[in-house]
Protein chains: 2
Amino acid sequence: MPPVVMRQWFPRYDRSMSESRVPESDEAPPAPGQVTVELSAAIVAATPAGPSVLALRGEGGGAPGLPSGPLEATHRTLEAGLRSWVAEQTRQELGHVEQLYTFGDRDRTACDPGVRALSIGYLALVREARPAGSADAAWEGWYRWFPWEDRRDGQPAALDRLEARLVAWADSGATAGARQLRRDRLAATFGTGGDGWIEDRVLERYELLYGAGLVSEAGAPPGVGEGSVMRADHRRILATAIGRLRGKIKYRPIVFELMPPAFTFLQLQQTVEGLAGIRLHKPNFRRLVEQQGLVEETGEVTTETGGRPARLLRFRSEVLLERPAPGLRLPRPRQPAA
Amino acid sequence: MPPVVMRQWFPRYDRSMSESRVPESDEAPPAPGQVTVELSAAIVAATPAGPSVLALRGEGGGAPGLPSGPLEATHRTLEAGLRSWVAEQTRQELGHVEQLYTFGDRDRTACDPGVRALSIGYLALVREARPAGSADAAWEGWYRWFPWEDRRDGQPAALDRLEARLVAWADSGATAGARQLRRDRLAATFGTGGDGWIEDRVLERYELLYGAGLVSEAGAPPGVGEGSVMRADHRRILATAIGRLRGKIKYRPIVFELMPPAFTFLQLQQTVEGLAGIRLHKPNFRRLVEQQGLVEETGEVTTETGGRPARLLRFRSEVLLERPAPGLRLPRPRQPAA
DNA sequence: CTCCTTATACTCCGATCGAGTATTTCAGAG
DNA sequence: CTCTGAAATACTCGATCGGAGTATAAGGAG
């Protein structure tokens, strides 16, 4: 996968940055039997090269993580708590925010087993990937952590490597029944061989890879797994975020939360392609967006795109009131008739 | 709405019941600043008359609630904790279980404000609505709590009553801008007038009604709101469950988790209609199910349906591996050309 | 002026799906 | 035994959706 170039839709953005306070984790050590709650956000922005998330450098050379912090008594709502941590650690103005999932497996939190660590993951979308806001925060292409999820240029090499090892994993089941079960699960999540690939099932694929020991873990020697490592369960949260976003663009006009106020058809298409990790047919995508009434022309054009000047569009927020499910149905290659 | 008749697909089920232990809530009073976690399940079963949930009678004449209990240190995972509470309080064998949402607003928990009460809601599906398992548990049609959500026999009277009051609520906004915002939100969630009604948005509708003070609350005089009351935030969890289920049947074959091993087309259709709260076109539903390859014939027929004997079907679980999104697309009446 | 690049417009055609109608097959009443 | 009603099942029509391909327009660089 080519490195994500951080050219922005809005390259001219420039605002004074200020450093953020690192959360102090030594406020009160949790007593045994108690519950701690961590709020984490996968903050996503779109760039021409693909979607990016805001990652915080790990302390002391550790694995990077998502912006996060503990739930505190002062937070009126969970989302408010999340927003306050994000505001403190980054300089982003969050647009759409939604809760993803609450993780709480006892055996998957490496730390003190006497304390129950709940982790509530959130997805947040921002319109422009501003300068990260602190020296510890940086925008990174999200496929860095999920290289097998990017099928825009055909099946990625990472997936080629993984597939062989996944088959080996399936065949290493203890009993014949277990092997069949593993093969079935493999077929359902990875679609075996590229056809039948379902973009949404990011978390299911990650969990399968995790169970099969095929993703890198913090502390493991390099090369043993695919993709970069994240702190705690943050990579799992990111997988959930990607899956949710991929699923949701199909039935809600959520992509526009990632777009600047005015954009071209191709920019919109490339954003969707980046999110979904697949390529789309240009004329059909155009027609789809047009006839869905999701956008309207601003009247202006831009010549920044290279060839013929492109008309600029804006999102028609009225569709939220008009149409029932104004999403961008992703085309699925039609099966040849049986 | 006619009262839900508890005739079962499986009326012949008969197993010795045993009383369940009521959870002791006095194990250790939470200290200020601490976090408590309650796990609650909306357990859903399908009956010919419509979907039902298992409700626990409220103690001392209080409002009924969902099976639930606090997260404990012995629970390995959140789902395991939920299952153990459900096993203790009911006699149901849960099939599909999925996490819905974590609620944690400080101001919406009526009890001790010093303690943060998290509430993690789950959706669970069971194949047969067995006898409730304890004298305190009972199956209830879910539209009892959401009468405005049942559009199977046209727009329900409850919604008629509500609409007038919702418009009044919208028009009582402080500023012109607030009024427009309220009208827009109303249009988006309720579809104003019946067309544009989107089944999934159950929670959004409930939250709007809640905010407008139009749903019954515990302790309020009868008649002030529509629908029955539930303990704590359990009604909110149920709203989330209904919405999730309605959304999910469209892209995953989840209805079959509610069906007995063999069933007829009409039973399947009525189950879907009950869940979605709308009526479907019989021949088209048939064709849809057939050509989707979701079911296969068992070879047997049943005469219990009244007229011509109906063939019995079973779910083809293989489709989970074959097809990408094997859901039951719900038909949406086509708009007359503009 | 040529060529390259991108934007935009249009066509074809199979598959989908809403809507309606006709036919079969049983149970039970007369 | 026959009629009747209820439900199951089968078939048709036509609009539209949407995948795939191709053609044309309009700028910039050389």
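As a basis for the values below, the full set of heavy atoms in this structure was taken, side chains included, without hydrogen atoms, waters or symmetry mates. So that the names make sense, note that chain A is the first sequence line, chain B the second, and so on, each numbered from 1.
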Peer 1: Can you tell me which residue pairs pass the salt bridge (charged side-chain N to carboxylate O under 4.0 Å, His left out) test with a partner in residues 257-271 of chain B, sequence neighbours excluded?
Peer 2: none
Peer 1: A:F285 CZ to C:dA7 P: how many Å, rounded?
Peer 2: 12 Å
Peer 1: Please report, rounded to the nearest Å, how far the P atom of D:dT16 is from the CG atom of A:L288.
Peer 2: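 Result: 17 Å.
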Peer 1: Hey, does the side-chain of A:H281 have a donor or acceptor N/O within less than 3.5 Å of a partner on the base of D:dG21?
Peer 2: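 Side chain to base: pair present.
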Peer 1: Within this structure, what is the CG-to-P distance between A:N284 and D:dT16, rounded to whole angstrom?
Peer 2: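 Those two atoms, CG and P, are 18 Å apart.
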Peer 1: Of all heavy-atom pairs between A:T271 and A:A46, which one has the smallest distance, and what is that distance?
Peer 2: CG2-CB, 3.6 Å
Peer 1: To the nearest Å, give me how far apart CD (A:Q291) and P (C:dT8) are.
Peer 2: 17 Å
Peer 1: Output the rounded distance in Å from CZ (B:R287) to C1' (C:dA15).
Peer 2: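 Checked: the CZ to C1' distance equals 11 Å.
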Peer 1: Roughly, in whole Å, what's the span from CG in A:L313 to C1' in C:dT8?
Peer 2: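 Taking CG of A:L313 and C1' of C:dT8, I get 12 Å after rounding.
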Peer 1: Mark up nucleotides 4-10 of chain D, 5' to 3', with B wherever a protein heavy atom is under 4.0 angstrom from a base atom, S wherever such an atom reaches only the sugar-phosphate, and - elsewhere.
Peer 2: --BBBBB
Peer 1: The criterion is salt bridge (Lys or Arg N to Asp or Glu O under 4.0 Å); which residues satisfy it with A:R244, sequence neighbours excluded?
Peer 2: A:E98
Peer 1: Would you mind listing every salt bridge (charged side-chain N to carboxylate O under 4.0 Å, His left out) that reaches into residues 265-277 of chain B, with sequence neighbours excluded?
Peer 2: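 As it turns out, the salt bridge (charged side-chain N to carboxylate O under 4.0 Å, His left out) pairs with a partner in residues 265-277 of chain B, which skip direct neighbours, are B:E273-B:R279.
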Peer 1: Can you name the residues that form a salt bridge (Lys or Arg N to Asp or Glu O under 4.0 Å) with B:R311, not counting sequence neighbours?
Peer 2: B:E297
Peer 1: Over how many whole Å does the gap from A:L268 atom CG to C:dT8 atom P extend?
Peer 2: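 The answer, rounded to whole Å, is 13 Å.
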Peer 1: Under the ring-ring contact (aromatic ring centres under 6.0 Å, His included) test, which residues partner A:Y206, sequence neighbours left out?
Peer 2: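 For A:Y206 the ring-ring contact (aromatic ring centres under 6.0 Å, His included) partners, ignoring immediate neighbours, are A:F146.
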Peer 1: I need the CZ-P distance between A:R279 and D:dA20, as an integer number of Å.
Peer 2: 15 Å
